[in-house]
S.K.: 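Quick one: the structure is below, questions incoming.
Keep in mind that this is a model prediction, so the values were computed, not measured. Every chain is numbered from 1, with letters handed out A, B, ... down the list of sequences.
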2 protein chains.
Amino acid sequence: MKLSTRGRYGLRAMIDIARASRENEPVSIASIAASQGLSEGYLEQIMTGLKKAGLVRSSKGAKGGYTLGKSPGEITVGEIIRTLEGDMAPVDCVSQAKKGICDRADLCVTRIIWEEVRDAINQVLDKYSLLDLLENEQKLLKER
Amino acid sequence: MKLSTRGRYGLRAMIDIARASRENEPVSIASIAASQGLSEGYLEQIMTGLKKAGLVRSSKGAKGGYTLGKSPGEITVGEIIRTLEGDMAPVDCVSQAKKGICDRADLCVTRIIWEEVRDAINQVLDKYSLLDLLENEQKLLKER
DNA sequence: CATAATTCCTAGTATTTTGGTAGGAATTGT
DNA sequence: ACAATTCCTACCAAAATACTAGGAATTATG
C-alpha cells in the first residue's frame, strides 16, 4: 500500500509551481526536475497527466512552462493524487473505474471495510489545498 | 495504492478459519485454497506470516491445519493486514520500519499528510474484528 | 508400523508494475 | 534564425509481486 513516485513527485512539482504562482511566471520541467532531483523525461509524463486533468496549464516555447490551472486554494492534494494514482481504492472492487468485478459482492463482508478505507484516505487528502501547504511551509521556515 | 493479494487472501483465509473456530477443528491449507480458489503453495507462504505473528497456531500431520491464535473478537483486520502488508504508511518516511530516510523532514509539508493518511487507514482497519465480520456475514445471509 | 495427510522450508521463476530513456516534432520568445 | 521549451511515441530496465517445485519433518489412523 505505497504511493508510487508519480503521486509523490507530482505533488512536489505542484508545490513548486504553486510557490512560483505568486509571480505568475511559468515554471519549466527542467527547473522543477533540477530543484527536486528528478529525471526530466519522467517528470514530463507526470505533468502530462496533471495537464489533462486541468490542474496545470502549459505554454510552449522559450520562457514557457507550467502554471496552475486554478488558484492554489482551489487545488487539493486529493485532486492531485487521484489524478496521478487513480481513485484511492485499496482493492479493485471498490474502485469506481473497475467495479462490478466481484461476483459475490452481495455476500462480501470485507467490501465495506475497503470502502471505508478509501473514503478515509480521500477525506484526509481533500482536507489540504496547495495554499495550505504553502502557508505551512512559511510557518516552518519562520520557526527555525 | 492497492493492497497486494497477500493481504486480501490472508484476510479471507482468516475468515475461513474463524468460521471453523466454532467447532475448534484445524483448517487445512488445501481446504482454504479450494474454498477461496487460491494456489496452495502461495497460501502456505501467507499462512507462515500469520503464524509468525501469532495470529494462527498450526498442527502438523494428518488432520492437522490452522486454528486461530486468539479468539475471533480479539483479532482485528488491522493486525492481519499489517502483518501481511507492513504498516500502512503510504510513503517510507512515515513508516516505522524505514523512518529517518528523508533528510529534509523538518521542512517537509507533505509528511504530516502521509501520517494522517496512515493513521486514518489504521483506524478503520482496527475497528473491525473477525467476530464482527462473522456476525455481519450472518446478517447478510439472513437478509436474502 | 506403514501410510496418507498434513505443515514446514528453500529455491527458483514468470508476470506485472514501476520508473525511466531516447529521440524527434511542434511551438514560441528573443 | 535559433534556442528553449512542451508534446508525443515508443521502447527498456529494474523491482516487486505472485506463484511453482520439490522435498523434509511430523502425526493421526487403520
S.K.: Would you kindly give the CD-to-C1' distance between E85(A) and dT18(C), to the nearest whole Å?
M.R.: 11 Å
S.K.: Can you tell me how far P of dT6(D) sits from NZ of K52(A), to the nearest Å?
M.R.: 16 Å
S.K.: For K51(A) and for Q45(A), locate the closest nucleotide of DNA chain D by heavy-atom distance; then report the residue assigned to the nucleotide nearer the 5' terminus.
M.R.: K51(A)
S.K.: Please give, in whole Å, the distance from dG19(C) P to Q36(A) CD?
M.R.: 16 Å
S.K.: Please report the C-alpha distance between E115(A) and R111(A) in whole Å, then the side-chain angles of each, then the deciding distance to 0.1 Å, and finally whether the salt bridge (Lys or Arg N to Asp or Glu O under 4.0 Å) criterion is met.
M.R.: CA-CA 6 Å; E115(A) 282 172 352; R111(A) 191 192 164 93; 3.4 Å; yes
S.K.: K98(B) NZ to dA16(D) C1': how many Å, rounded?
M.R.: 11 Å
S.K.: Phosphate oxygens OP1/OP2 of dG19(C): is one of them under 4.0 Å from a side-chain N or O of S4(A)?
M.R.: yes
S.K.: With DNA chain D as reference, determine whether G61(B) or L3(B) sits nearer its 5' end, using the nearest nucleotide of each.
M.R.: L3(B)
S.K.: Hey, does S59(A) reach any base, or is it just sugar-phosphate, or nothing, if we go heavy atoms under 4.0 Å?
M.R.: sugar-phosphate
S.K.: Taking for each residue the nucleotide of DNA chain C with the nearest heavy atom, is it K60(A) or E44(A) whose nucleotide lies nearer the 5' end?
M.R.: E44(A)
S.K.: Measure CE/M47(A) against P/dT5(D) and give the value in whole Å, please.
M.R.: 14 Å
S.K.: Return whichever of T48(B) or Y9(A) has its heavy-atom-nearest nucleotide of DNA chain C closer to the 5' end.
M.R.: T48(B)
S.K.: For the pair made of NZ in K2(A) and P in dT17(D), what is the distance, rounded to whole Å?
M.R.: 9 Å
S.K.: D87(A) side chain to Q96(A) main-chain N or O, any donor-acceptor pair under 3.5 Å?
M.R.: yes
S.K.: Between dA4(C), dG20(C), dG29(C), which nucleotide gets closest to the side-chain atoms of A62(B)?
M.R.: dA4(C)
S.K.: Drop me the distance from I46(B)'s CD1 to L11(B)'s CG, to the nearest 0.5 angstrom.
M.R.: 11.0 Å
S.K.: Check this for me: K127(A), atom NZ, are more than 12 non-hydrogen atoms of other residues, nucleotides or ligands nearer than 6.0 Å?
M.R.: yes
S.K.: Is there a side-chain contact between Y42(A) and the phosphate of dA13(D), meaning an N or O under 4.0 Å from OP1 or OP2?
M.R.: no
S.K.: Between R8(B) and D92(A), does any side-chain N to carboxylate O distance fall below 4.0 Å?
M.R.: no
S.K.: Rounding to a whole Å, what distance do you find between Y66(A):OH and dT28(C):P?
M.R.: 14 Å
S.K.: What is the distance, to the nearest angstrom, from the NZ atom on K63(A) to the P atom on dA4(D)?
M.R.: 11 Å
S.K.: Under 4.0 Å between a side-chain N/O of T5(A) and OP1 or OP2 of dT18(C), yes or no?
M.R.: no
